[in-house]
Amino acid sequence: MAVIRDPVPAFEFFEPTSVEDAQVLLRRYGADAWVLAGGLDSLDWLKDRIKRPEALVDLGNIPGLKGIREWDGGLEIGAMTTLAELVRHPAVRDRYALLLEAAEATDSTQIRNQGTLGGNVSQDTRCWYYRAGWACYRAGGDMCHADTPEAINREHAILHADRCVAVNASDTAPALIALDARMVIRTAGGAERIVAAEEYFVGPGVDITRMTILEPGDVLMAIRLPATWGGARFYFEKVRDRQAGDFALASVASATVVGNAGIERMRIAVNGVAARPLRLHAVEMLVRGRPASESTAMAAANLAVDGAQPLKFNAYKVPLMRDLVKRAIRGSTAAAWSLLT
Amino acid sequence: MTRAIALTVNGEQCGGDVEPRTLLVHFLRDQLGLTGTHVGCVVGECGACSILVDGALVKSCLMLAVQADGCAVTTIEGLSTPGALHPVQEAFVNRFGLQCGFCTPGFVMASHALLMRNPNPTEEEIRRDLSSNLCMCTGYVQIVEAVKEAAVTLEQWRTSRT
C-alpha cells in the first residue's frame, strides 16, 4: 500500500524547558529559527512549504509560560495557556467573560484544546495571496496582489491599509484591547518589556513584514488583565461565513461601565477590518456621558467607519462594522449569529 | 535525523523513531498501524484525524509526533473492547450515522469527547460542538441522533453500575 506522508521539509526540533534556553536557540539560529506555540498557524506555513525554517523552538515544555494566576487584583495568563483552559477558568468566567467569549468564538473544540492565547494574538495574517507565497509587500516584494482590479479581496481591510490590505485574524486580540491587557515580553536581551495590548499589534505603516511588535528573539511571556474592567458590561460578536473553522469577517469587543448618567467609560476594539485590531478612541470619547441608546449608538457607529476605503469585494464590511459597533453600545437581543447552528 | 519517542496508545506502551517533521497522525497510521484515524484535509479543517491526547480532543494532523512524547493517546481503536462496540459506535450504527465512513472515526471521537465533558447535551450543543468535523455525505441529521442515543445509553450504563 502506498504511504502518503505529506511531509513538511525537515527541520531540527527543540523543546527547551526555560525561556532562557529558548532564547539561546533563537539567537543561535537567527532568521532560520521559528517559534512554535500551539502550531495551528505554524504548521500551515510549513505544510504549504512557504516557510522553511531550519529549527523549530517549541515553547510547549516551559512550565512558566502556562497557567492562569491571580495578579495584582487581576489575572496573569501564561502565553502558552490554551484557549480551552481560558474558556473553563472560573475567574475568567466571573470577571473577564469578554475574553471567554472571544476565546470560545475561536474555531472548534479541537483547535481550542491546541491553540494558545499567545499564539492566537501573535498569528500571522490569512491573506491568501500572502499565505500562498506570492511576492507581495508583506513578503518582501513590491506589490499587493490583493489590491489589483482582478483581486479577490472579500475578506481584506477597509481601514488603515498601507500598501498591504491584509487583516488581523485574532479573535482574542480585540477583547484584550478592550480589557486593557498588558503584554509581558522578554526581549532577546533578557529584559522585561511590558506594553499595552493596543501597542502590541503593528500595522503595515510601521512594519509591513510583521503583525506584532515582537522583535526577532523576543518571547511573549504572559498577558495580564488589570482589575480596571473586571465585571464591566461586555459585548463580543464575531461574524463569519461558517460557524467553525472560520476567521472573522469582522468582530467587535467592548467593555462598558454604565452609571445613572449613562455611559461612564467604554473601551471598544474591532478586528478583521485592518492589519491590526483597532481600538476606536473616537467612539470611546463620543459615548462618554451619553445614554446607551440607539441615537448614541448610531452616531458612534458612523464615526467608527469614518474614512473607510473598501476594496472591490469588501464594501459589505462597512455596514457590518457599523452594525457591530452599534450593538456593542446599545446592546442587542438580536445577536443571533451565534445561535444559528 | 530521527528521535525516539515513547507514549501510551490505547493503554499500551508504544514507541518509535520519528523524524521531528512527522505528523502525529502519520506516526499512528504508518508506524503503529492504527489506520482507524483517518487523514482527510491534513490542515485541521475536517476533523477526520481527531483523537484524544491526555484526555483532550485534538486534531492529530496539527501535532508533531515528537510533541506526543510521554503522552497518553486514545484513538478510535481504543474505544471498543474485543467483540463489543463502544456505545457511541453502537449508536452510530443504529442511527445510520455514517454513509461512506471516512469521517466516522473523527466524529465518534469528537462525540465521545463531548459526552465525557457534557453527558447530556442539547441538540444545539451537539450541533455546535460537532461543527469541528465535516461529513461530505452530509449525514449530519443521523449523526446528531446517534449522539443523542449514545447519551441515553451511557446514562443507563452509569445508573446501572451504581
Side-chain angles (χ1 to χ4, degrees), chain A residues 1-15 34 36-49 52-61 82-85 87-88 104-115 119 131 240 242-246 338-341, chain B residues 1-3 18-27 29-31 33 35 39 41-47 49-70 106 109-110 113-114 117-118 122-134 140 144:
Chain A
M1 191 184 83
V3 175
I4 302 167
R5 287 183 186 280
D6 303 305
V8 302
F11 48 76
E12 283 192 77
F13 189 72
F14 298 99
E15 295 170 287
W34 184 278
L36 183 67
L40 306 175
D41 191 18
S42 303
L43 285 176
D44 272 1
W45 277 121
L46 305 185
K47 288 173 187 169
D48 288 344
R49 300 172 174 225
R52 294 166 175 255
E54 200 178 311
L56 252 62
V57 180
D58 183 4
L59 301 182
N61 289 286
T82 65
L83 298 176
E85 287 171 76
V87 168
R88 61 173 177 251
E104 206 161 35
T106 302
D107 210 278
S108 58
T109 305
Q110 289 94 321
I111 303 303
R112 289 191 295 275
N113 279 335
Q114 296 176 262
R131 299 292 295 212
R240 49 191 146 170
R242 185 173 164 262
Q243 202 53 34
D246 224 343
S338 61
L339 303 176
L340 292 174
T341 50
Chain B
M1 200 171 70
T2 62
R3 75 159 77 176
V18 295
E19 278 190 278
R21 62 174 168 170
T22 305
L23 299 177
L24 179 54
V25 66
H26 290 142
F27 171 73
R29 290 176 56 86
D30 301 342
Q31 281 177 256
T35 52
V39 183
C41 68
V42 211
V43 289
E45 286 175 7
C46 77
C49 65
S50 297
I51 61 168
L52 299 178
V53 174
D54 287 340
L57 186 72
V58 301
K59 293 180 176 175
S60 56
C61 73
L62 292 176
M63 261 184 93
L64 302 170
V66 286
Q67 290 180 301
D69 192 12
M109 294 308 289
L114 167 66
R117 203 171 59 246
N118 179 358
T122 63
E123 172 154 346
E124 189 184 317
E125 285 168 337
I126 296 170
R127 285 174 177 271
R128 181 173 300 179
D129 203 81
L130 295 186
S131 64
S132 59
N133 291 50
L134 296 178
Y140 292 118
V144 172

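Only this structure's heavy atoms are used, side chains among them; waters, hydrogens and symmetry mates stay out.
- Residues passing the salt bridge (Lys or Arg N to Asp or Glu O under 4.0 Å) test with B/Arg117 are B/Asp129, sequence neighbours excluded.
- With a threshold of 4.5 angstrom between heavy atoms, A/Ile111 approaches chain B through side-chain atoms but not through N, CA, C or O.
- Contact tally against chain A (heavy-atom pairs below 4.5 Å) for B/Leu62, B/Val43, B/Leu130: the top residue is B/Leu62.
- Under a 4.0 Å N-O distance rule, the pair B/Arg3/A/Glu15 qualifies as a salt bridge.
- Taken to the nearest 0.5 Å, the NZ atom of B/Lys59 stands 8.5 Å off from the CD atom of A/Gln114.
- To the nearest 0.5 Å, the span separating CD on B/Glu45 from CG on A/Asp44 amounts to 7.5 Å.
- When each of B/Leu114, B/Leu64, B/Val58, B/Val25 is scored by its heavy-atom pairs under 4.5 Å with chain A, the top score falls to B/Val58.
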Check the pair A/Leu36, B/Gln67 against side chain to side chain contact (heavy atoms under 4.5 Å, CB included), reporting the backbone distance first and the verdict last.
CA-CA 11 Å; A/Leu36 183 67; B/Gln67 290 180 301; 3.5 Å; yes
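- Here the side chains of A/Gln110 and B/Asn133 are in contact, with some heavy-atom distance below 4.5 Å.
- In this structure, the portions of B/Met63 lying under 4.5 Å from any heavy atom of chain A include both its backbone and its side chain.
- The line from CG of B/Leu23 to CG of A/Leu46 is 9.5 Å long, rounded to the nearest 0.5 Å.
- Not counting sequence neighbours, A/Phe11 has no partner by the ring pair (Phe, Tyr, Trp, His ring centres under 6.0 Å) test.
- Chain B forms more heavy-atom pairs under 4.5 Å with one residue of A/Gly38, A/Ser42, A/Ala84, A/Ala10 than with any other, namely A/Ala10.
- When heavy atoms are compared at a cutoff of 4.5 Å, A/Arg112 does not approach chain B at all.
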